[in-house]
Protein chains: 2
Amino acid sequence: MIEILKQHIISRLGEDVTNLNEVLQNFKSLKVSRNETILNQGEVCKYVYFIVSGCLQVYVYDKEFNETTRDLIIEDNWCSELISFGSQQPATENIRAVEPSELLAIDRQGFQNMMETVPQFDKVYKQILEASYANSVYRINTFVALTALERIKWLMDYRPKLMSRLSSKLIASYLGISQETFSRLKAKV
Amino acid sequence: MIEILKQHIISRLGEDVTNLNEVLQNFKSLKVSRNETILNQGEVCKYVYFIVSGCLQVYVYDKEFNETTRDLIIEDNWCSELISFGSQQPATENIRAVEPSELLAIDRQGFQNMMETVPQFDKVYKQILEASYANSVYRINTFVALTALERIKWLMDYRPKLMSRLSSKLIASYLGISQETFSRLKAKV
DNA sequence: TTAAAACATTGACATTTGTCAATATTTAAT
DNA sequence: ATTAAATATTGACAAATGTCAATGTTTTAA
């Protein structure tokens, strides 16, 4: 499992990362089953997760307790509630596995260790943050102006893996439309 | 003008910032008039702006060339197209002043100088990035699930200054609703 | 100060999307 | 393998929002 993360890091920081193997010891490996929650809103988010395999859902509840999904993240990506992780304030979002998933978790102390052992690691946090930010900006700009049908087309074009792997219910919640509308419009594409 | 930025930085990094005055020399002061564009999509974003007074709009065009506004940022805040600024790739968003504005601009070289002169300054970029990220996450989670009326109420409660200062047209574009719907629902609140 | 332009409001109507309910299909657990 | 639960589809209808057009109001610039 660690090997996948190793490749991921090398592809970003280059081959010559000193102490990489020691650094990777800071990650704890865990397996989570489908529908297992790994963060509840109100708790402090203690870890940043690297997804080795599977898929995580980041979501909130609206006032009628419907879930709305801010993000769906698959293998070879990072996932966390970064705002809570960074500030140690209670999280405003929930995270759960929507597929059986293999994760590598690192806590703040681990991050600290890494920064000291591998100076370039400073960049990794910045990269994760920048990627997350870019993703959310993109999501706002893409979605505010699009109709339900256009959102579906967008997902098919740019996130085809999500479309084929996940339930309609989940996709609809990610697109911000009802299941019924999703079901109907899907047929029209 | 610089004095306001100085207070802003002191409030975040504390009183004892070494070389602060020299650091502030890296900022160029500029005045922009209403409707003046300071970044066009396709260009590389060269500056991060601190808004001393006024208001900036960050927006994109949809396929019918309507503007959709991702953010409206007022005085005492930072504004940039951070993804372009960080990567030096072409910007995907436009920025314009929607009020006559006084800005302090710093370029990458200036940022570099600051990091070297004031070690704590490293934090400032991270803080700007984190704040921007938190803001966009909040925007996604708040808006995806809200009706037009609820969005208006939200704006009145949490961004009352925007509501009173800016045109209905702009506010509607920020809320992702038509001007007419905004006009009608505003009366019902 | 005045004319032109931009913006805001309102009505009529069309379109999109949501809700509820019934049924079919798939998935999960024993 | 069988049954219960969850998910997906479809219809009928309601509610929300958008579009177009007409008019009134405010802002801007000469």
Side-chain angles (χ1 to χ4, degrees), chain A residues 31-37 54-55 57 59 61-69 72 96-101 142-156 162-189, chain B residues 31-37 54-55 57 59 61-69 72 96-101 142-156 162-189:
Chain A
K31 293 195 179 201
V32 290
S33 48
R34 194 169 119 80
N35 290 328
E36 190 172 335
T37 300
C55 181
Q57 173 197 18
Y59 64 100
Y61 293 100
D62 70 14
K63 60 187 188 310
E64 282 102 22
F65 299 104
N66 301 308
E67 290 175 15
T68 52
T69 301
L72 292 167
R96 79 153 66 93
V98 290
E99 290 177 352
S101 305
T142 308
F143 281 67
V144 168
L146 298 189
T147 65
L149 186 62
E150 288 167 339
R151 293 177 199 189
I152 294 170
K153 281 180 180 159
W154 175 87
L155 194 73
M156 285 174 162
L162 294 186
M163 198 78 186
S164 52
R165 281 162 66 160
L166 303 177
S167 72
S168 297
K169 190 184 170 187
L170 210 46
I171 299 287
S173 141
Y174 178 67
L175 296 181
I177 58 182
S178 71
Q179 291 173 61
E180 293 93 335
T181 296
F182 180 66
S183 178
R184 279 183 254 262
L185 293 180
K186 204 171 34 171
K188 289 196 188 169
V189 178
Chain B
K31 292 193 180 202
V32 289
S33 48
R34 196 169 117 79
N35 290 328
E36 191 172 333
T37 300
C55 181
Q57 174 197 20
Y59 63 101
Y61 294 101
D62 69 15
K63 58 184 190 313
E64 282 102 21
F65 299 105
N66 301 309
E67 291 174 14
T68 52
T69 301
L72 293 167
R96 79 153 65 94
V98 290
E99 292 177 351
S101 305
T142 308
F143 279 61
V144 167
L146 298 189
T147 65
L149 187 62
E150 289 167 337
R151 292 177 200 189
I152 294 171
K153 282 180 180 160
W154 176 87
L155 195 72
M156 287 174 161
L162 295 185
M163 198 78 186
S164 51
R165 282 163 65 161
L166 304 175
S167 71
S168 296
K169 191 184 171 188
L170 209 49
I171 299 288
S173 141
Y174 178 68
L175 296 182
I177 59 182
S178 71
Q179 292 173 59
E180 293 93 337
T181 296
F182 179 66
S183 178
R184 279 184 252 263
L185 293 181
K186 203 173 31 172
K188 289 197 191 166
V189 177

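Within every chain, numbering begins at 1; the chains are lettered A, B, ... in the order of the sequence lines, protein sequences first and strands thereafter.
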Below the 4.0 Å mark, does [N] have OP1 or OP2 next to a side-chain nitrogen or oxygen of [X]?
{"X": "B:Ser168", "N": "C:dC7", "value": "no"}
{"X": "B:Ser183", "N": "C:dA8", "value": "no"}
{"X": "A:Lys186", "N": "D:dA8", "value": "no"}
{"X": "B:Ser167", "N": "C:dC7", "value": "no"}

- Task: Would you mind telling me which residue lines up with the more 5' stretch of DNA chain D, A:Gln179 or B:Ala148, judged by nearest nucleotide?
- Result: A:Gln179
- Walking DNA chain D from its 5' end, the first of B:Arg34 and A:Glu180 to be reached, judged by nearest nucleotide, is A:Glu180
Grab the [atom1]-[atom2] distance between [X] and [N] for me, whole Å please.
{"X": "B:Glu36", "N": "D:dT28", "atom1": "CD", "atom2": "P", "value": "16 Å"}
{"X": "B:Ile177", "N": "C:dA8", "atom1": "CD1", "atom2": "P", "value": "13 Å"}
{"X": "B:Lys188", "N": "D:dT17", "atom1": "NZ", "atom2": "C1'", "value": "11 Å"}
{"X": "A:Asn66", "N": "C:dT17", "atom1": "CG", "atom2": "P", "value": "18 Å"}
{"X": "B:Leu166", "N": "C:dA8", "atom1": "CG", "atom2": "C1'", "value": "15 Å"}
{"X": "A:Ile171", "N": "D:dA6", "atom1": "CD1", "atom2": "C1'", "value": "17 Å"}
{"X": "A:Leu146", "N": "C:dT17", "atom1": "CG", "atom2": "C1'", "value": "15 Å"}
{"X": "B:Leu170", "N": "C:dC7", "atom1": "CG", "atom2": "P", "value": "10 Å"}

- Message: Under 3.5 Å, is there any donor-acceptor pair linking the side chain of B:Arg184 to the base of D:dG18?
- Response: no
- Please state whether the base of C:dT16 and the side chain of A:Arg151 form at least one donor-acceptor pair under 3.5 Å? no
- What nucleotide among D:dT17, D:dT19, D:dT28 has an atom nearest to a side-chain atom of B:Ser178? D:dT19
- Query: Between C:dC7, D:dT7, C:dT17, which nucleotide gets closest to the side-chain atoms of B:Lys169?
  - Reply: C:dC7
- Any sub-3.5 Å donor-acceptor pair from B:Arg151's side-chain atoms to B:Tyr174's backbone N or O? no
- Is the backbone of A:Cys55 close enough, under 3.5 Å, to the side chain of A:Ser101 for a donor and an acceptor to pair up by distance? yes
- Looking just at side-chain N and O atoms, do A:Glu67 and A:Ser173 make a donor-acceptor pair shorter than 3.5 Å? no
- So, for B:Gln57 and B:Leu170, which heavy atoms are closest and what is the spacing to 0.1 Å? NE2-CD1, 3.3 Å
- Query: Any side-chain heavy atom of A:Val32 sitting closer than 4.5 Å to one from A:Arg96?
  - Reply: no
